[in-house]
Amino acid sequence: MANIKSQIKRIRTNEKAQARNKSARSSIKTAIRRFRDAVAAGDQKTIADELRNASQQLDVAVTKGVLHQNAAANKKSAMAKAANKVSK
């Protein structure tokens, strides 16, 4: 454990941020999983809804600094490809 007061505070704030980021990453994974389930089911309306929802969550994560912009773009691109593949 740190002895310096500022370092103790830093550890506390890092733990809070870590918990917040973990929650955000978990919700993103859930949204992507729901999208994949919709793709497996093949329902076009559900696929569109889940794609929109997952994309919004990825955008929020980028804004909050949870995910890197390119990582989110790669995930969104892969989901869009999967959605287009089903629609054909």
Side-chain angles (χ1 to χ4, degrees):
M1 187 67 185
N3 293 324
I4 300 167
K5 191 173 182 180
S6 63
Q7 189 60 34
I8 293 169
K9 182 178 179 181
R10 197 75 197 126
I11 289 170
R12 272 197 316 253
T13 58
N14 285 343
E15 286 172 352
K16 284 184 202 173
Q18 184 179 8
R20 201 174 322 125
N21 290 343
K22 186 175 183 181
S23 172
R25 282 192 301 266
S26 176
S27 65
I28 291 167
K29 287 179 185 178
T30 302
I32 292 172
R33 194 174 312 114
R34 286 173 137 180
F35 170 77
R36 288 187 184 141
D37 291 344
V39 168
D43 182 21
Q44 290 298 328
K45 185 178 181 338
T46 310
I47 289 172
D49 290 342
E50 294 300 336
L51 177 62
R52 190 178 319 106
N53 181 30
S55 294
Q56 286 174 347
Q57 286 194 8
L58 285 167
D59 290 338
V60 169
V62 168
T63 304
K64 299 290 182 184
V66 176
L67 269 182
H68 191 272
Q69 186 176 0
N70 292 349
N74 287 337
K75 289 180 190 297
K76 288 181 355 182
S77 174
M79 288 190 302
K81 276 185 184 177
N84 288 336
K85 195 178 228 183
V86 172
S87 66
K88 288 183 180 179

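Nothing fancy with the numbering, it's 1 onward along the sequence. These numbers come from a predicted model, not from an experiment.
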Q) Under a 4.0 Å N-O cut-off, is there an ion pair linking Lys45 with Asp49? A) yes

Q.
Closer than 3.5 angstrom, by distance alone: can the side chain of Ser26 be matched with the main-chain N or O of Lys22 as a donor-acceptor pair?
A. no

Q: Please report the closest heavy-atom contact between Ala61 and Ile28, naming both atoms and the distance.
A: CB-CD1, 3.3 Å

Q | Residues that Lys81 engages under salt bridge (charged side-chain N to carboxylate O under 4.0 Å, His left out), provided they are two or more places apart | A | none

Q | Straight-line distance of Thr46 OG1 to Leu51 CG, nearest 0.5 Å | A | 12.0 Å

Q) Between Ala72 and Leu67, which heavy-atom pair has the shortest distance, and what is it? A) CB-CD1, 4.4 Å

**Q.** With Gln56 via side chain to side chain contact (heavy atoms under 4.5 Å, CB included) - residues at least two apart
**A.** Arg52

Q.
For Ala19, give me all partners under side chain to side chain contact (heavy atoms under 4.5 Å, CB included), at least two apart in sequence or on another chain.
A. none

Q: Only pairs at least two apart or in different chains count here, so list each side-chain hydrogen bond (donor to acceptor under 3.5 Å, both in side chains) that has a residue in residues 60-77.
A: Asp59-Lys76

Q) Considering only heavy atoms from C-beta outward, does the side chain of Val86 approach that of Gln44 to under 4.5 Å? A) yes

**Q.** Qualifying residues under side chain to side chain donor-acceptor pair (under 3.5 Å), relative to Arg10, sequence neighbours excluded
**A.** Thr13

**Q.** Distance-minimising heavy-atom pair for Glu50 and Ala31
**A.** OE1-O, 4.4 Å

**Q.** Linked, directly or transitively: Met79 and Val60 (ILVMFWY side chains, under 4.5 Å)
**A.** no

Q: Could you pull out all residues at least two apart from Arg36 that satisfy side chain to side chain contact (heavy atoms under 4.5 Å, CB included)?
A: Ile32

